[in-house]
Amino acid sequence: MKREAIFAIVLTALITLFTTSPALASETGTNGMISNLISHNPGARQIAPGVISLPNGVRVTYSSGKPKAGCPYEYLCLYNEEHGGGDELDFYDCGFVNIGNDYGWSDQVQSYENNQTPGTNTIFMNWNGSSWDPLYTSVAYNYQDITGSVRYTDGLWVC
């Protein structure tokens with residue numbers, strides 16, 4: 001019981017520290033996103049700063065609010081602001097990725113660029129509480145700077 005109380009006090013102190021320091025809060029956001037992607041995709045692991053490898057071969061790169069050089073060829077890039085702004089998730093290789101049913105990027109996609117090889121499909125999926133429902137299929141090359149139903153994305157079938 002003492003261990004739980006100490007943990008709660010330490011956790012409260014850390015939350016206070018990170019939410020009152022802008023520099024630390026930004027780093028916590030990045031680490032939190034990486035942790036969430038790993039925890040919601042069993043077998044996923046971080047292989048480099050901001051890069052996660054999923055067991056199905058998909059690689060996900062997360063960058064937080066950095067200037068964009070455009071979506072690399074053969075990648076699918078998601079943005080949490082319109083017109084390719086804000087934070088970015090980049091996907092390479094084919095497979096399903098849970099980007100956040102009830103956490104992280106759940107319902108956060110505001111724009112995207114499908115720069116995979118021409119004709120490659122990505123299916124944007126929504127978690128309805130018991131199963132995955134398709135929202136939209138993007139065929140490469142495709143760019144949307146303001147999304148409609150895609151903003152409700154919780155998962156993706158990349159390729």
Side-chain angles (χ1 to χ4, degrees), residues 3-4 7 10-11 14-15 18 24-81 84-144 147-159:
R3 185 178 266 173
E4 289 87 7
F7 177 76
V10 170
L11 183 61
L14 288 173
I15 289 170
F18 285 123
L24 291 175
S26 174
E27 184 61 26
T28 302
T30 299
N31 290 336
M33 177 54 64
I34 298 296
S35 296
N36 283 331
L37 282 168
I38 290 171
S39 69
H40 286 81
N41 291 280
R45 60 189 175 84
Q46 187 168 356
I47 58 173
V51 181
I52 301 165
S53 176
L54 280 66
N56 60 6
V58 176
R59 280 182 288 162
V60 181
T61 304
Y62 174 74
S63 58
S64 178
K66 297 178 182 172
K68 311 295 186 277
C71 186
Y73 183 60
E74 296 186 341
Y75 280 75
L76 169 74
C77 301
L78 306 180
Y79 308 96
N80 68 350
E81 292 181 9
D87 297 345
E88 178 176 348
L89 284 177
D90 299 340
F91 301 87
Y92 185 81
D93 286 329
C94 301
F96 180 78
V97 182
N98 177 348
I99 64 168
N101 56 340
D102 300 327
Y103 79 94
W105 277 60
S106 177
D107 302 342
Q108 298 298 313
V109 178
Q110 297 296 313
S111 56
Y112 71 87
E113 184 172 3
N114 184 351
N115 199 16
Q116 298 174 93
T117 55
T120 303
N121 293 334
T122 290
I123 304 171
F124 293 82
M125 308 288 288
N126 180 58
W127 179 251
N128 68 21
S130 60
S131 64
W132 294 96
D133 294 328
L135 291 170
Y136 178 76
T137 299
S138 168
V139 181
Y141 176 82
N142 181 241
Y143 174 77
Q144 287 195 15
T147 61
S149 64
V150 170
R151 81 179 60 229
Y152 302 109
T153 299
D154 300 315
L156 300 162
W157 276 104
V158 182
C159 298

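Worth saying up front: this structure is predicted, and the values here are computed from it rather than measured.
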Which atom pairs, donor and acceptor, lie under 3.5 Å between side-chain atoms of residues 47-57 and protein residues at least two apart or in another chain?
from	atom 1	to	atom 2	distance (Å)
N56	OD1	V58	N	3.2
N56	ND2	F96	O	2.9

>> Just so I know, are the side chains of L156 and F124 near enough to count as touching, which here means a heavy-atom distance under 4.5 Å?
In response: yes

> From L89 CG over to L76 CG, what is the distance, rounded to the nearest 0.5 angstrom?
Replying inline: 9.5 Å

> Side-chain contact, heavy-atom cut-off 4.5 Å: Y75 with F91?
Replying inline: no

> So how far is it from R151 CZ to L135 CG, rounded to the nearest 0.5 Å?
Replying inline: 12.0 Å

>> Please report the interatomic distance CG(D107) to CG(D154), rounded to the nearest 0.5 Å.
In response: 5.0 Å

> Knowing that exactly one of N126, T153, V150, T147 qualifies, which makes a side chain to side chain contact (heavy atoms under 4.5 Å, CB included) with Y136?
Replying inline: V150

> Counting only N and O atoms by type, is there a donor-acceptor contact under 3.5 Å from the side chain of S111 to the main-chain atoms of E81?
Replying inline: yes

> Closest approach of S130 and N128, non-hydrogen atoms and distance?
Replying inline: N-OD1, 2.8 Å

> So do Y141 and C71 actually touch side chain to side chain, heavy atoms under 4.5 Å?
Replying inline: no

> For E88 and C77, which heavy atoms make the closest approach, and how far apart are they?
Replying inline: OE2-SG, 3.8 Å

> Which pairs with one or both residues in residues 114-124 pass side chain to side chain donor-acceptor pair (under 3.5 Å), sequence neighbours excluded?
Replying inline: N114-Q116, N114-S138, Q116-T122, T117-T120

>> Nearest 0.5 angstrom please: L78 CG to Q108 CD, how far?
In response: 11.5 Å

> What are the two closest non-hydrogen atoms of Q46 and I34, and how far apart are they?
Replying inline: OE1-CG2, 3.3 Å

>> Show the nearest heavy-atom pair for residues P118 and Y73, with the distance to one decimal.
In response: CD-OH, 3.6 Å

>> Can you see whether Y112 engages Q144 through a side-chain donor-acceptor pair at a distance of less than 3.5 angstrom?
In response: yes

> With sequence neighbours left out, what residues match D93 under side-chain hydrogen bond (donor to acceptor under 3.5 Å, both in side chains)?
Replying inline: none

> Can you tell me how far CH2 of W127 sits from CG of D133, rounded to the nearest 0.5 angstrom?
Replying inline: 9.5 Å

> Is the backbone of N41 close enough, under 3.5 Å, to the side chain of N98 for a donor and an acceptor to pair up by distance?
Replying inline: no

> CH2 of W105 to CG of L37: how many Å apart, nearest 0.5 Å?
Replying inline: 9.5 Å

